[in-house]
Each structure stands twice: as structure tokens, then as C-alpha cells.
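Side chains included, hydrogens not; waters and symmetry mates left out as well; all remaining heavy atoms used.
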Amino acid sequence: MASFVSRILKSLTGQSGDEEKRPSESDKTEAYKGLVIHPAPEREGQQWRIAGAIIQQCEDGDRERTFTRADTFSTREEAVTNSVRKGKQIIDERGPKLFDDGKATGRA
């Protein structure tokens, strides 16, 4: 409900909400075990949900696995930090199997 009301208010004031999706300075990618973690927390009401992508850079094109988790935080910065932490955990747990299917995109 709050999300619906906030969308209406943004449409009335001319705000698209894109400013919330733009990467901030704290959203820098981080290399980890030969892969790249790109934090991309998602706004959910007054909270920020853990989300991001794990990227494998290959000669024939990058492969990407996105992730979203239930954990939420009150600030974007906390969500960015924890999105990187969760990306590392996924890499540690799944390792090379993360990209075994050979597809360019998918979910982690």
C-alpha cells in the first residue's frame, strides 16, 4: 500500500523514481575470486533489499547471475555492503557451478 501511494505521489510531483535506481558512489563493483560483484539494492517502501549481480567476464561475452534476498536494511549503504557480502557468500558456496549451465544470464 505504501509503495502504491508513493508511486502516485511521485507521478504527481514529476519524479520517476529513477534516482533511487541510479548507482551511488558506494555501489562500486568488487572483484572476488575471479568474478565481479555488482551490488544493486532494491528500494522496498522505507527499506532496502539485498540484491545484485555476479559477473563472470569471458572472451565470448560476460555471464551474469542476479540475486535478491529477503534481508532488508534501513539505509542504502547498509544494503550495498550486505549485497557485496551476500555475493561473496554465494560465490563461496556455489563456486564454479554458478556458471556451469553456460547461459549468459540467470539467477544465483
Side-chain angles (χ1 to χ4, degrees):
M1 180 73 174
S3 168
F4 176 73
V5 172
S6 119
R7 280 185 283 179
I8 290 174
L9 290 174
K10 285 179 184 177
S11 69
L12 293 174
T13 61
Q15 295 176 342
S16 66
D18 289 339
E19 62 278 353
E20 293 176 355
K21 296 178 185 175
R22 285 188 203 124
S24 70
E25 187 63 27
S26 61
D27 289 0
K28 292 182 181 175
T29 60
E30 185 169 325
Y32 184 71
K33 295 188 176 181
L35 302 172
V36 177
I37 302 168
H38 176 75
E42 298 172 354
R43 182 85 188 225
E44 190 167 298
Q46 297 299 313
Q47 300 288 311
W48 291 92
R49 181 171 304 285
I50 284 181
I54 299 168
I55 302 163
Q56 180 183 48
Q57 298 173 327
C58 304
E59 289 180 11
D60 59 339
D62 292 351
R63 296 180 187 160
E64 179 180 280
R65 299 295 177 264
T66 57
F67 62 92
T68 305
R69 298 298 185 261
D71 311 67
T72 58
F73 298 89
S74 58
T75 67
R76 190 178 210 304
E77 290 73 27
E78 287 177 305
V80 165
T81 299
N82 285 284
S83 293
V84 170
R85 181 190 55 76
K86 183 57 76 173
K88 289 178 179 180
Q89 182 181 1
I90 292 167
I91 292 167
D92 289 341
E93 289 173 357
R94 307 241 346 248
K97 293 180 182 179
L98 191 58
F99 296 95
D100 274 356
D101 63 6
K103 295 180 181 178
T105 61
R107 300 283 301 163

Roughly how far, to the nearest 0.5 Å, is the [atom2] atom of [Y] from the [atom1] atom of [X]?
X	Y	atom1	atom2	result
E77	T81	CD	OG1	8.0 Å
T72	Q46	OG1	CD	11.5 Å
E78	I50	CD	CD1	10.5 Å
E30	L35	CD	CG	12.0 Å

Report yes if the side chains of [X] and [Y] come closer than 4.5 Å at any heavy-atom pair, otherwise no.
X	Y	answer
V84	Y32	no
I54	R94	no
I55	T29	no
R85	N82	yes
W48	E42	no

### Query
What are the two closest heavy atoms between G87 and I37, and how far apart are they?
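Smallest interatomic distance, heavy atoms only, reads C-CD1, 3.8 Å.
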
Would you list the atom pairs, donor with acceptor, under 3.5 Å between side chains in residues 96-108 and any protein atom, with sequence neighbours excluded?
unit_1, atom_1, unit_2, atom_2, d
D101, OD1, R65, NH2, 2.6
D101, OD1, K103, N, 3.0
R107, NH1, T66, OG1, 3.1

### Query
Looking only at atom types and distance, does a side-chain atom of T68 sit under 3.5 Å from a main-chain N or O of A51, one as donor and one as acceptor?
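Not confirmed, T68 side chain does not pair with A51 backbone.
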
### Side-chain donor or acceptor of R49 paired with backbone N/O of P41 under 3.5 Å
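Answer holds: no.
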
